[in-house]
Structures are given as C-alpha cells and as structure tokens.
Amino acid sequence: MDNLYDYLHEKFKALGGTQIGSGLSAEFILLAFFPLVLIALLRGVNDTIAIVLALLFIVAVVFSAPFVVKVSKENTDHYNIAAFYVAIVMGIVMFIMLGGI
Amino acid sequence: MNSELIPLMVIFPLISAILLNLMHGKDKVVRAYGILAMLVVLVVPIFASYGNHLFGAHPVVDTLPQLKISLSEVNLAIEYNFAFLQKALVFLLAAIATFAVLSHISNEKKVSGVYLSMIMLSIAAVSAVVMANDIFNMFVFLEIMTIAQAAIVIAVGGVSGYKAAFKYLVFGGVAGASILLGIALLLGTFGVLNISDLHNSLSGNMTNPIVLTAVGLIVIGWLFESGLFPFHTIKSNMYSAAKPDIAALLQTQTKIVLVALAIVLLRLFGGYSNMTAVMLGLSVGTLIIGSVMALLQTDFRRLLAFTAVSQAGLVGIGIGLGTRLGIAAGIFHAINDAIAMSLLFITVYFIYERAKTTEFKRLGGLLVQAPKLAFIQIIGILIVSGVPPFNAYQSEFRIIDATIQAGHPELGVLVILGTILTFVALMKGFYLTFLKENTTKIALGKVHIYNGLPTVTYVTLIILVIACVGIGLFPMPFYDRAYSVALKILVGW
Amino acid sequence: MINPVGTIVIALILGIVFGMSIRGEYFNKKTYATIFGFALFIDIFMGSFPYYTWDIFVELPVSGIFLAAMVGLFTGKAFRER
Amino acid sequence: MKFQQSQEMRNLIAAIFVGIFSYFIIKALTDFDIVPGVSYIYNLRGPLIAPNMITVILFDWRGYDTLGEAFILITAVLTTGILFGRGVLGGDVSEKDSTPIRPSTIVQKVFAAPLVFIIVAFGVVITLGGHITPGGGFQGGSVIATAFFLSVVVYGFKKNVFNLSHNSLETLEGVGALIYLCLGLVGLGLSGYYLYNVGADLYPYLGVGDTATRLFSYPDSTNAGIIPYLNIGIALKVLSGFCTIITVLWGAEKK
C-alpha cells in the first residue's frame with residue numbers, strides 16, 4: 001500500500017498544497033456520485049439497465065482514477081473554463097426546454 | 001389591503017445610499033448616520049403590516065375586449081406583496097447587513113461612505129426582489145444588486161477583487177440579458193408583466209414554444225443569481241475575494257434571491273416538469289462539486305465560499321423537486337443556511353481582521369489565543385453539517401425526507417454524501433486553523449483602541465447561535481409558513 | 001407645473017445653476033453678441049416648440065423656455081464673476 | 001501544443017452549443033404575435049395625463065421601474081468611481097488630471113464655448129417639454145452632458161468651460177435622485193401610495209387634499225402632475241452621472 005500512497009501523492013501534487021486525506025475523501029465521494037447520478041437518470045427507463053450501467057461506470061471510473069484532479073482543474077477561477085461551461089449549459093437548457101427530452 | 005410601510009423597505013435604503021454617498025469624507029457623520037440607518041432598516045420590516053402595495057395607486061381594472069387577454073381583470077400597477085416569508089427574508093437580510101455595516105464602522109479608521117452606500121443599495125435591491133410581484137421590476141432590481149455586489153468586492157482593492165468583479169459583471173450581463181429577453185418574450189406573448197396575471201394567463205399555455213424559450217432564458221438567469229452549476233466558480237470567487245463579513249452578506253443575498261426567483265419560476269411555470277428537472281439536476285451537480293472543491297482548498301475563505309455554493313445547491317435540490325414537501329424544505333433550508341453560513345463567515349472574518357490572512361499554511365494553533373472563537377466556530381460547523389438540535393438539521397432532514405417522498409431515494413443518498421463532505425471540509429479548516437501546531441508563528445494581532453470589533457463580533461455571533469438553536473428547537477412556526485407558501489405556489493396565489 | 005410662468009421660472013433656475021459653474025475665460029463681448037444672436041435665431045425657428053397650450057405662448061411664437069434658460073445662463077455667469 | 005489543441009476543441013464545442021442556444025432564440029423571436037395587453041389601457045387613459053405617451057408610461061404607470069433604472073445608472077457611476085479610487089477601503093486614491101492628447105484647433109476653441117451655451121439651453125428645453133413633446137429627463141440630461149463632453153474634449157479637463165469637480169457632480173447626482181425619491185414620498189404621504197401622481201388626479205376618489213392637488217397642477221388641457229418635476233430630477237441625475245464618468249475616465253487616462 002505504500003506504493004499507492006506515493007502514487008496518489010504524485011498525482012495530488014497538481015492540486016497544489018492539498019492534503020492527501022482531503023483528496024482521497026473527495027475522490028471517494030466522486031466515485032459514489034457518478035453511479036448514483038447514472039442510476040437516478042436511467043432508473044426511469046429500466047432498473048436493470050441502470051444498475052448494470054452504473055456498475056460498468058464504476059469500473060471505468062476506478063481505472064481512470066484519481067478523478068479529483070480533473071474535477072479541480074475544471075473548477076478553477078479561469079475565465080475561459082467558466083465561459084465554456086456557461087455556453088454548454090445555455091445550449092443544453094434550451095435544448096431540454098424545447099427539444100422535448 | 002394597502003400597507004404604507006412596504007415601499008419604505010426599498011425607498012429608505014435608497015435614500016440612505018444617496019445620503020451616505022454625499023456624506024463621504026465626513027467621518028463622524030457617516031458613522032452616526034450609518035448606525036441610525038441600519039436601525040431603521042431593521043425596524044421597518046418588523047412593523048410593516050402584511051398586504052400589498054400598488055405603486056402609483058393604479059388599481060386592478062376589468063379587461064376590455066381589445067386587450068386580447070383572456071383574463072377577467074388585469075393589474076395596472078407594479079405590485080409588491082408582503083407576507084411572512086417576505087418579512088423573514090427581509091429581516092434576515094437586514095440583520096446580516098447590520099453586522100457588515102457595524103463591522104466596517106467599528107473596524108476602519110477612515111469610514112468609506114461610498115462602500116456603505118453600496119451595501120445599502122444591495123439591501124434595497126434584494127428587498128425589492130423579494131417583495132416584487134412584477135417580473136420587470138424584479139429584473140431592474142436584480143441588475144442593481146449585481147452591480148452593487150461587484151462594487152463592494154472592488155472596494156476591497158487588489159487584483160483578485162478586480163478579477164472576480166469583472167467576471168461577475170460579464171456573466172451578470174449574460175444572465176441579465178437572458179432574463180430580460182425571457183421577460184420580453186412573455187410580455188409580447190401575453191401583454192402583462194404582473195406575476196399573478198402572468199400565472200393566470202400561462203395556465204394551460206405551457207406547450208407554446210415561445211413560452212418554453214422564455215422558461216429556458218429565465219432559468220439561465222436564475223442559475224447565475226443563485227450561483228448554481230456553471231456559475232459556481234464565479235460566485236465562489238466573489239465570496240473569497242470579498243472581505244468575509246461582506247461574504248456573509250453576499251451569500252445571504254444569494255440564497256434570498258435564489259428563493260425569490262425560484263418562487264416566481266414555480267408560480268409561473270410550475271406545471272412544466274422539464275424546468276424542475278433542469279433545476280434539480282444542476283443543483284445536485286452544484287452540491288457535490290461545491291463540497292468536493294471545498295475539501296480541496298488551501299484557504300479558509302475559499303473553503304467557506306465553496307461550502308456556501310454547495311449549500312445553495314442543497315436549497316436548489318429542495319426547490320427543484322417541485323413537490324410541496326420539497327419546496328417547503330428548500331425555502332426553510334435557505335433561511336437556516338443563510339444564518340449558519342453567516343456565522344462561519346463571521347468567525348473567519350475575525351481571524352482575517354487580526355491575523356491578516358486566512359491561508360492554512362500560515363495559520364495554526366489559534367485555540368490558545370481565541371478559545372471562545374473556536375467554540376463558536378465548532379458550533380457553526382455542527383450547524384452547517386446538520387447536527388441536531390440546530391436549525392439546519394431540521395431542514396436537511398426534511399429535504400432528505402422530501403427526496404424519498406418524491407420517489408428519488410438516490411438524491412437522498414447524494415444529499416447525505418454532500419453533507420458528510422461539507423462536514424469533513426469544515427473540520428479540516430477548523431483543525432488547520434485552531435488545532436494544528438503553529439509553525440510560522442502568526443499571532444492574532446492586537447486591535448486598535450478605536451476598534452470595537454471584538455464586542456460587535458461576539459454579540460453578533462451569540463445572536464446568530466441563539467437564532468440557530470431557537471429555530472432548531474421550534475422549527476414548526478417557520479416550516480409551517482414555508483409549507484403554506486409551497487401550497488400556494490402549487491395551487492395558486 | 002404651478003402656472004404658465006412656472007416653466008419659465010424653472011428654466012431660469014436651471015440656467016442659473018449651470019451658469020454658475022461656467023468659467024469666464026473663453027468669453028468676451030463679441031462672444032456674447034454671437035451667442036445672443038444665435039440664440040434669438042434658434043428661438044424664432046423653434047417657435048413655440050414644446051407646444052404648451054397656454055395663451056401666453058400661443059400669442060408669442062418664440063420658445064420662452066429656451067430664452068429663459070439662456071437668460072439664466074448669462075445671469076448665473078454674471079453672478080459667478082461678481 | 002496539447003493544451004492548445006484541447007482549447008481549440010473546447011472552443012468548437014462551445015460554439016456548437018451557443019449555436020443551438022441562438023437558434024432557439026431566433027426561432028422564438030421570428031414567430032410570435034405581439035399582444036398589446038395592458039399597454040392598450042395605458043394608451044387609452046394616458047392622454048388624460050399628458051400628451052407624450054412614452055413619458056406617461058415611464059413616469060406614471062411604471063414610474064417605479066424608472067426609479068430603478070435611474071438607480072442602475074447611479075450604481076454604475078458610483079462603481080466607476082470606486083474602480084478609480086473613490087471610497088475604496090483604506091482611504092481614497094487621488095485622481096490625476098491629464099491634458100488633451102492633441103491640442104485643439106483655433107476654430108474648435110472659438111466655437112466650442114458659445115456652442116456649450118446653446119446646447120445647455122436646448123437640453124433644458126427638452127427636459128421641461130418632456131411631457132408634451134418627444135423628450136424628457138433622460139434625453140435632456142444626455143444633451144446637457146454632451147455640452148460637458150464637448151468642452152472637455154476641446155479644452156481639456158482642467159480648463160474646460162464648466163467648473164464642476166467630482167464632488168460637486170456627485171452632489172448634483174444625489175440631488176437629482178433625492179428629488180425623484182422625495183416626490184414619490186409626497187405621494188405616499190398624501191394618498192398612501194408611493195409615486196402617486198399627485199396633481200394629475202386620475203383617481204379622484206383617493207381624496208388627496210385640495211392644496212396638494214393645486215400645488216402640482218396647472219391650467220392646461222392635460223395635467224401632468226409630478227411628471228415634469230420627476231423629469232427635472234432625472235435630468236440632473238443623468239447629466240451628472242455621465243459627467244462623473246467622463247471625469248473619472250479622463251483623470252485615469254494617464255495612470
């Protein structure tokens with residue numbers, strides 16, 4: 001397990017001064033968050049599909065961990081990142097309102 | 001019924017703003033008038049009686065056939081509603097703003113009249129948004145609020161403040177234009193601006209694509225004003241760039257505006273499930289991302305900023321459920337959380353004013369120097385994390401209950417996850433500030449002789465703790481009122 | 001406004017307010033003459049421009065407000081130079 | 001290089017989503033029928049108050065909205081002041097003056113000063129005739145502000161025709177806004193409704209006293225009530241707001 005600690009230490013350096021404990025807590029919450037959202041979205045369609053997809057998603061997310069580095073990079077104070085997400089949400093909101101999803 | 005004191009809640013802060021700006025430079029006058037004005041601002045909502053106010057005395061008229069509106073009667077004037085919810089929100093705003101004004105007056109050697117006038121303008125604007133029953137009037141005061149908030153952050157000075165305010169104004173322009181375009185589409189389609197009239201015209205019209213466009217545009221504006229998902233970095237940047245006492249005021253205003261605008265949206269388009277789905281989905285994202293980001297911060301102010309944003313997401317979840325229980329719990333949580341987060345921001349303000357920094361790597365070991373502050377802060381952390389017997393427990397419990405009742409148990413799990421994460425983040429902040437060994441020997445500096453800050457801060461903190469415990473022990477008066485508002489939203493005003 | 005004279009009085013007051021803040025260094029007798037000549041010219045062309053329906057303006061086809069504001073500006077400037 | 005590529009990809013995605021957004025808005029704007037709605041009643045009863053319908057809607061039916069818009073301008077002006085150092089925490093930062101970039105020609109110097117007189121007088125006319133003819137406080141104030149701009153551009157800020165400092169402009173702006181707010185309070189005191197158009201008497205049943213009605217009325221075919229006075233307040237506010245902005249920006253140019 002020492003290797004895992006070193007690995008995470010190396011990865012979390014990008015966050016700049018964050019403790020590994022906080023990074024790990026955030027990571028685990030994110031791991032729980034995505035499959036739950038997937039289930040919440042797809043449960044209306046079919047329970048089995050939702051569970052299977054969520055399990056697959058967990059596997060995929062675990063292999064691409066640590067996820068928290070990417071999330072924190074996308075939530076900095078930079079103007080262009082905020083503008084990018086605002087543009088996407090504007091499009092999606094209008095599409096949901098009128099596209100009839 | 002007409003109540004004369006209702007417009008004074010907006011007009012008096014506006015007059016005070018003008019006068020304080022004119023007095024800028026005369027220190028004693030500004031101090032005296034600032035305290036006096038805050039007293040009036042606090043007292044007026046208590047004594048105002050419930051009812052409506054019609055501006056310009058223009059009454060309701062029976063419609064003429066030429067109007068092309070299928071309503072039996074139409075409001076001519078701008079109308080303000082004032083009921084228990086409005087009273088609670090306006091009073092809460094006035095109370096938090098009083099601390100911001102008093103802390104400025106008691107802390108600064110040279111008082112800035114312009115700064116106080118901006119605080120007054122934001123109070124007036126938020127009060128107007130809360131009470132307005134007219135969608136265009138609401139927009140006008142939202143714009144005033146956006147500019148005034150940016151000005152308060154600019155007044156702190158420094159590059160970070162300028163950057164935050166610039167971003168806030170740019171995206172505020174996008175959101176404001178979006179709301180205005182939505183209002184224009186509604187006005188063009190139905191010819192009325194009064195929200196009650198629009199509600200009556202809109203019932204059964206929710207398949208009109210122009211109305212749906214308007215819904216989307218106003219929802220985008222709502223997302224900005226309440227700091228939800230795509231705008232959460234901008235809001236948190238504003239909170240962390242402002243002084244923490246102002247951040248307390250800003251987050252209170254954000255939650256109040258969130259509730260006010262959400263009530264308008266639900267009253268107008270409540271029957272449209274896609275809208276509540278969008279609100280719910282983005283709120284869930286804000287809750288989780290906000291608390292994750294809070295955990296990763298290295299500065300106490302930024303940590304609290306992201307916590308405040310994630311709590312706004314929690315309020316949004318309650319409202320976005322669109323059920324009676326959910327809306328009531330959301331409104332209730334907005335009030336509770338505004339108080340609790342203000343408590344935390346004010347404790348950090350005290351540290352910031354005396355240690356001149358809130359970075360974790362420079363703080364530490366403050367428990368020895370400020371045990372009382374540490375005690376109050378740990379109470380605040382427990383309140384925000386939803387521990388009984390405090391008020392946020394009552395509302396978070398009801399939000400989780402509402403998610404399960406609404407048939408979304410996964411959301412309940414997510415709310416619990418977010419709450420745990422908030423608790424972990426805040427405890428991390430507490431540990432690094434108060435418990436960790438102080439390696440850099442930063443001490444809480446001595447305060448000046450003119451500085452009445454400790455007294456003001458401690459009195460405010462104790463009042464806020466008492467309010468939290470009081471609402472926590474006796475939640476029903478507030479929750480029942482919130483529930484009746486929710487009933488009215490869904491059944492009709 | 002209170003009566004037909006009200007507009008003229010208010011125009012005069014506004015003129016004095018702005019005239020009080022005007023510096024004198026760019027003006028001499030020729031400038032004053034030019035301004036007044038132009039003012040009269042514009043005045044007659046404007047006619048009874050804001051079209052108040054009171055008798056006093058119907059009979060006198062010049063813009064009383066414009067003239068009053070002009071007189072106010074000169075008065076205010078004279079006040080300031082004293 | 002890798003970052004740049006990802007940025008380009010993101011720009012493309014953002015452009016697509018903004019395209020979707022714009023498509024729906026343009027579609028909504030192209031096909032909708034406008035219903036006159038309450039503006040029909042406004043137009044029906046407005047001529048009882050004053051002939052200029054725009055002014056009547058702005059200052060009577062929706063006078064409170066106009067108050068809010070005036071305050072947007074005030075807030076923006078104050079914010080500009082804060083941005084350049086007035087009222088920041090820890091004491092004001094002084095403003096510097098700067099001379100014009102290019103010296104003015106002799107024609108400009110001779111004609112600007114007389115023109116200022118005429119423009120100011122014309123602005124006053126537009127303000128005072130606002131309830132009868134096209135015009136009003138916003139327009140008149142802007143016209144007077146152009147006189148200030150002209151003199152600043154030609155003579156430089158320090159030697160311009162008007163001797164208005166930043167502080168006196170702030171005072172003028174405050175006075176303008178207070179005129180508006182206090183005229184609203186007159187209505188609140190007399191009838192119980194904020195911004196009630198006291199002299200106009202559209203609703204005689206409110207029982208506002210005779211003296212008050214006579215104070216704001218004049219022997220005309222229509223009776224605009226407090227609208228002309230509101231126009232004066234707005235004009236003072238708008239002109240001083242614009243002048244403050246140019247003062248601040250001109251002083252900040254050289255820093």
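In what follows, chains are A, B, ... by sequence order, proteins preceding strands, each numbered from 1. Just so you know, these numbers come straight off a predicted model, no measurement behind them.
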* Asked: Is it the side chain or the backbone of D:Asp33 that comes within 4.5 Å of chain B heavy atoms, both, or neither?
  ->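 The backbone, not the side chain.
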* Which portion of D:Leu73 sits near chain B, non-hydrogen atoms under 4.5 angstrom ->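 The answer is neither part of D:Leu73.
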Max heavy-atom pair count under 4.5 Å with chain B, selected residue of [options]:
{"options": "D:Gly68, D:Pro36, D:Gly37", "value": "D:Gly37"}
{"options": "D:Leu67, D:Leu185, D:Asp31, D:Val38", "value": "D:Val38"}
{"options": "D:Leu195, D:Ile41, D:Leu29", "value": "D:Ile41"}
{"options": "D:Ile34, D:Val175, D:Ile72", "value": "D:Ile72"}

* Scan side-chain atoms only and decide if D:Thr247 and D:Thr244 contain a donor-acceptor pair under the 3.5 Å cut-off. =>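 No, D:Thr244 and D:Thr247 have no side-chain donor paired with an acceptor closer than 3.5 Å.
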* Do the side-chain N and O atoms of D:Thr127 and D:Asn231 include a donor-acceptor pair separated by under 3.5 angstrom? ->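 Per modelled atom types, D:Thr127 and D:Asn231 side chains form no pair under 3.5 Å.
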* Hey, is CZ on B:Phe166 packed in by over 12 heavy atoms from elsewhere, all under 6.0 Å? ->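 It does not: B:Phe166 CZ has 12 such atoms or fewer within range.
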* Got more than 12 heavy atoms from elsewhere within 6.0 Å of CD1, D:Ile54? ->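 Counting neighbours around CD1 of D:Ile54, 12 or fewer heavy atoms of other residues, nucleotides or ligands fall under 6.0 Å, so no.
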* To do: Locate the shortest heavy-atom distance separating D:Ile74 from D:Ala177; write the atom from each residue and the value.
  =>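 Closest heavy-atom pair between D:Ile74 and D:Ala177: CD1-CB, 3.5 Å.
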* Which portion of B:Asn208 sits near chain D, non-hydrogen atoms under 4.5 angstrom ->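 Looking at B:Asn208, nothing touches chain D.
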